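Shown next, in structure tokens, is the structure this report addresses.
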Amino acid sequence: MTTTPHPLVIRARRLADELLAPSASRVDQEGVPVSHIEAVRRSGLLGVSAPEEYGGAGAPDAVARETAEILAGACCSTWFAQTQHHTPVRLLARAERGLPVRERLLPALATGEVLSGVAYAHVRGWPRVPVRVTAERGGWRFDGTVPWYTGWGLNDVMLLAGVSDDAEVVFAFTDAREQPGLRPSPPMRLAALTAARTVSLALDGLWVPDESVVLRRDRAEFARTDIPRSANTSPAVFGVASAALDLLDSSPDAQDTAAALRSRLDGLRRRAYALADHPVPHEHVEERLELRTRSYDLLRAATTAAVVAGGGRAMDLGGTAQRLVREAMFLLVQGQTAPVRRAHLAALGT
């Protein structure tokens, strides 16, 4: 029996085939254009996980993962720029009804009318506190440095987090623009995904009102759910690996290798997604980490094979194979936490 793909999956494939993949090499060198994000918005993909009552698609997690794979495999830079948006949407959707920031932002975020970025990964660096937050004048003052912020110049708002002196994590929304207390660095030059417009943010007394706060949580409680969740494998890993295997399939000498790697990929994907769907995020953490490291091993093998099959021409900066290798390198550290790093290093040493 065949299953009809979800409409958003169909749209994602069309977007990938007609726009993202054909222009991926140019985007890699020149940057993600606003027109790409606008195309993602028109497709409805920015609202894939947003509640239907607010204008989103309310699609199952399996659909969100599949569309992420498709976008990442076609143009990882565009995927990364727009994927920041989905965490704020999910957080607002889970927030208490009637919360001012929820009712103000969720409708616009759900339809993609407003695009959000995220500035909270630094919270995972505890006991280091790169961004400190202090209650002040009916709101919160943010001071410090956000080391990485992706989508500068594309995003309208950002989800910003800091840690207070009593170890409370505060998440709030603010405009994604230079303003009093917030200054961006020049765009970073990175080995991969420079196109995604990443900067650092200097915070010096940035003030955010109470009505823009979406979550306040004890840091230890936040880590209890955040760190296990980060042990799951990103769909982008499978998307980029699949793109490399598609490239291999175009080379007659590499088709047997592609078939063997694809069989391993399918098995890892099934197991990883089954664990991602497990209702208790802090269970089976060791197995999640093992699958994540094994998925990275396969990603490395698939992208390396694409370079080997391509020979010398794979080194051309306009070529697909070398770009996929660099994107794979980026995914090694994207969303990395200390437990993820330890598990990966341990696996590489065996």
Side-chain angles (χ1 to χ4, degrees), residues 9 12-13 16 20-21 24 28 45 48 61-84 86-87 121 150 190-193 195-196 227-248 257-258 260-278 281 284-307 320-337 339-348:
V9 172
R13 287 178 179 153
L20 301 187
D28 177 60
L45 291 168
V48 59
D61 287 345
V63 171
R65 289 192 294 257
E66 187 170 1
T67 57
E69 282 191 34
I70 293 168
L71 297 187
C75 178
C76 200
S77 293
T78 298
W79 163 78
F80 191 56
Q82 64 83 44
T83 200
Q84 316 296 315
H86 301 293
T87 295
T150 294
L190 306 173
L193 273 70
I227 290 179
R229 189 182 299 115
S230 66
N232 291 321
T233 307
S234 167
V237 170
F238 300 122
V240 173
S242 293
L245 297 181
D246 289 343
L247 194 60
L248 273 185
T257 301
L261 290 173
R262 199 178 298 279
S263 177
R264 289 169 52 194
L265 176 72
D266 291 342
L268 287 170
R269 181 197 282 115
R270 282 194 299 270
R271 292 181 59 194
Y273 288 169
L275 282 176
D277 286 333
H278 191 278
H284 306 290
V285 172
E286 293 304 317
E287 186 178 358
R288 296 174 198 261
L289 289 171
E290 178 197 0
L291 285 170
R292 178 167 170 149
T293 57
R294 289 179 59 191
S295 298
Y296 284 133
D297 287 344
L298 189 139
L299 173 62
R300 185 174 66 248
T303 54
T304 300
V307 170
T320 301
Q322 58 79 32
R323 174 174 55 81
L324 293 173
V325 169
R326 290 187 289 107
E327 290 170 354
M329 179 178 64
F330 174 85
L331 292 173
L332 288 175
V333 297
Q334 189 257 329
Q336 186 187 67
T337 61
V340 168
R341 182 167 52 250
R342 287 193 297 267
H344 201 167
L345 289 172
L348 289 170

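Since this is a predicted model, take the numbers as computed values, not measurements.
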Residue set satisfying side-chain contact (heavy atoms from CB on, under 4.5 Å) with A74, at least two apart, ordered chain then number -> A16, L20, A21
Report the residues that fulfil side-chain contact (heavy atoms from CB on, under 4.5 Å) with A276, sequence neighbours left out, ordered by chain and then residue number.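 Only R65, N232 meet the side-chain contact (heavy atoms from CB on, under 4.5 Å) criterion with A276.
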Report yes or no: does [X] contribute a side-chain atom to a donor-acceptor pair with the main-chain N or O of [Y] at less than 3.5 Å?
{"X": "T293", "Y": "E290", "answer": "yes"}
{"X": "R292", "Y": "S230", "answer": "yes"}
{"X": "Q82", "Y": "W79", "answer": "yes"}
{"X": "T304", "Y": "A301", "answer": "no"}

Closest approach of [X] and [Y], non-hydrogen atoms and distance?
{"X": "S77", "Y": "A195", "answer": "OG-CB, 3.5 Å"}
{"X": "A305", "Y": "T257", "answer": "CB-CG2, 4.4 Å"}
{"X": "V48", "Y": "A64", "answer": "CG2-CA, 3.9 Å"}
{"X": "V340", "Y": "A231", "answer": "CG2-CA, 4.3 Å"}
{"X": "L331", "Y": "A236", "answer": "CD1-O, 3.7 Å"}
{"X": "A306", "Y": "L247", "answer": "CB-CD2, 4.0 Å"}

Is the shortest side-chain N to carboxylate O distance from D266 to R269 below 4.0 Å? yes
Aromatic plane relationship, Y296 with H344 - under 30° parallel, 30 to 60° tilted, over 60° perpendicular: parallel
Test of understanding: with side chain to side chain donor-acceptor pair (under 3.5 Å), list the residues that count as partners of [X], not counting sequence neighbours.
{"X": "R264", "value": "none"}
{"X": "T150", "value": "T198"}
{"X": "R342", "value": "none"}

side-chain contact (heavy atoms from CB on, under 4.5 Å) for R326 and D28? Distances and angles first, verdict last. CA-CA 10 Å; R326 290 187 289 107; D28 177 60; 2.6 Å; yes
Answer yes or no: is there a side-chain heavy-atom contact under 4.5 Å between D246 and R262? yes
Heavy atoms, side chains only, cut-off 4.5 Å: are R271 and R294 in contact? yes
Going through the checks in order, is the side-chain contact (heavy atoms from CB on, under 4.5 Å) test met by F80 and E327? CA-CA 10 Å; F80 191 56; E327 290 170 354; over 6 Å; no
What distance separates [X] [atom1] from [Y] [atom2], expressed to the nearest 0.5 Å?
{"X": "Y273", "Y": "E66", "atom1": "OH", "atom2": "CD", "result": "8.5 Å"}
{"X": "I70", "Y": "C75", "atom1": "CD1", "atom2": "SG", "result": "14.5 Å"}
{"X": "L299", "Y": "L332", "atom1": "CG", "atom2": "CG", "result": "7.0 Å"}
{"X": "C76", "Y": "R323", "atom1": "SG", "atom2": "CZ", "result": "8.5 Å"}
{"X": "L245", "Y": "L298", "atom1": "CG", "atom2": "CG", "result": "7.0 Å"}
{"X": "L71", "Y": "T83", "atom1": "CG", "atom2": "OG1", "result": "8.5 Å"}

Not counting sequence neighbours, which residues clear ring pair (Phe, Tyr, Trp, His ring centres under 6.0 Å) with H86? List them please.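 None.
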